[in-house]
Amino acid sequence: MQRLKLIKHAKGAPGLRVFGLGPNLWPSKGLSKLKLLLDEHAFWASGRSEENLKKLLKGSNVVITVWRGNRIIGFGRATSDGIYRAVLWDIVVADDLQGLGLGKKVVEALLSRPCIKGVERIYLMTTNSSEFYKQFGFENCHHQSLLIKSNWS
Ligand SMILES: CC(C)(COP(=O)(O)OP(=O)(O)OC[C@H]1O[C@@H](n2cnc3c(N)ncnc32)[C@H](O)[C@@H]1OP(=O)(O)O)[C@@H](O)C(=O)NCCC(=O)NCCS
């Protein structure tokens, strides 16, 4: 198997966002690779344009990518106010490489960042992977409701 590399990007992932940088800061068409990963392996995030992915990265305090050679095979990001609340978003591993411990590494990398690990409470929303997150200390919430206002159809 080709070498795997996990990248902990700077806030807003400027190298990936502006220059498409991958492992070793090498120009790697990172945005189109990220789009491909989300299109093919994240049902809730498919069809996002590269322009909007740039905005998504810019608005993220923590961004993690996992590369296998020149391909992005894992992703996760988080937003945080740095003290009270943080939210994990868009955690995904390519189907053909699931079950190898990569998702765990992505979540651990997100949770270890200073602006995430120090906050009072961390949230995440998942459709069918809640059991996966329990190993990190997440619990189902029964005393609060998730409310959503959709601005786009
Ligand atoms: C959920 C996901 C990120 C997990 O990544 P992964 O690389 O397949 O998981 P890992 O190999 O790191 O699994 C680590 C451990 O969690 C367990 N695990 C993985 N997925 C699980 C699940 N859905 N339910 C329960 N346990 C799970 C594994 O068995 C493994 O246990 P072990 O350490 O005892 O062997 C990945 O399956 C995925 O991308 N799914 C599709 C997208 C998705 O639904 N993302 C979540 C959106 S919030």
Side-chain angles (χ1 to χ4, degrees), residues 1-9 11-13 16-17 20 22-23 28-50 52-82 84-113 115-153:
M1 188 195 271
Q2 278 178 297
R3 215 165 144 249
L4 298 171
K5 177 126 188 179
L6 183 146
I7 302 179
K8 299 176 182 179
H9 296 267
K11 181 180 177 187
L16 173 65
R17 173 166 49 87
S28 306
K29 298 194 170 76
L31 273 181
S32 61
K33 307 257 166 84
L34 176 59
K35 176 169 170 46
L36 199 64
L37 176 78
L38 297 178
D39 281 349
E40 292 185 349
H41 303 284
F43 65 87
W44 67 93
S46 65
R48 293 177 177 176
S49 67
E50 288 186 29
N52 283 345
L53 289 179
K54 282 187 188 178
K55 293 177 188 167
L56 171 155
L57 292 171
K58 190 171 186 184
S60 299
N61 299 84
V62 180
V63 177
I64 303 294
T65 53
V66 184
W67 295 72
R68 184 188 185 209
N70 211 17
R71 174 189 175 206
I72 296 184
I73 50 114
F75 179 73
R77 67 185 183 98
T79 51
S80 172
D81 62 21
Y84 290 116
R85 296 290 184 265
V87 189
L88 307 191
W89 303 102
D90 297 331
I91 294 165
V92 58
V93 171
D95 287 359
D96 53 314
L97 292 163
Q98 288 178 9
L100 299 176
L102 297 175
K104 190 173 178 178
K105 282 196 164 43
V106 170
V107 176
E108 286 172 348
L110 290 168
L111 295 177
S112 71
R113 301 298 274 177
C115 71
I116 305 298
K117 77 174 175 191
V119 302
E120 181 184 40
R121 194 166 290 166
I122 303 168
Y123 292 76
L124 71 83
M125 282 137 268
T126 179
T127 307
N128 47 28
S129 300
S130 55
E131 290 303 311
F132 168 71
Y133 291 105
K134 290 187 178 164
Q135 64 192 297
F136 309 103
F138 289 94
E139 297 171 341
N140 287 109
C141 177
H142 299 292
H143 61 282
Q144 288 184 312
S145 305
L146 173 67
L147 280 79
I148 301 176
K149 179 181 184 305
S150 298
N151 285 326
W152 300 351
S153 56

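Start at 1 and go down the list; that is how both ligands and their atoms are numbered.
Contacts between Asp95 and ligand 1, counted as non-hydrogen atom pairs separated by less than 4.0 Å, are absent for every part of the residue. With a heavy-atom cut-off of 4.0 Å, Tyr133 touches ligand 1 through its side chain alone. Contacts between Met125 and ligand 1 below 4.0 angstrom, taking non-hydrogen atoms only, involve the backbone exclusively.
Remark: ligand 1 atoms within the under-4.0 Å shell around heavy atoms of Val92 are 39 (O). For ligand 1, the atoms closer than 4.0 angstrom to any heavy atom of Asn128 are 44 (O).
Using modelled atom types and a 3.5 Å distance limit, the side chains of Tyr84 and Arg121 yield no donor-acceptor pair. With hydrogens and angles left out, the side-chain atoms of Trp89 and Ser60 include no donor and acceptor closer than 3.5 Å.
With respect to the salt-bridge test (charged N to carboxylate O, under 4.0 angstrom), the residues Glu108 and Lys105 do not qualify.
If you check which protein heavy atom lies closest to atom 3 (C) of ligand 1, you get Ile91 CG2, 4.0 Å. Of all protein heavy atoms, the one lying nearest to atom 39 (O) of ligand 1 is Val93 N, 2.8 Å.
Among Lys104, Lys134, His41, the residue whose heavy atom lies nearest to atom 12 (O) of ligand 1 is Lys104. Taking all heavy atoms of Gly103, Gly74, Gly99 into account, the minimum distance to atom 8 (O) of ligand 1 is reached by Gly99.
Note that atom 46 (C) of ligand 1 has protein non-hydrogen atoms nearby, at separations under 4.0 angstrom. Distance remark: protein heavy atom present below 4.0 angstrom from atom 16 (O) of ligand 1.
Every N/O-N/O distance between Leu124 and ligand 1 stays at or above 3.5 Å.
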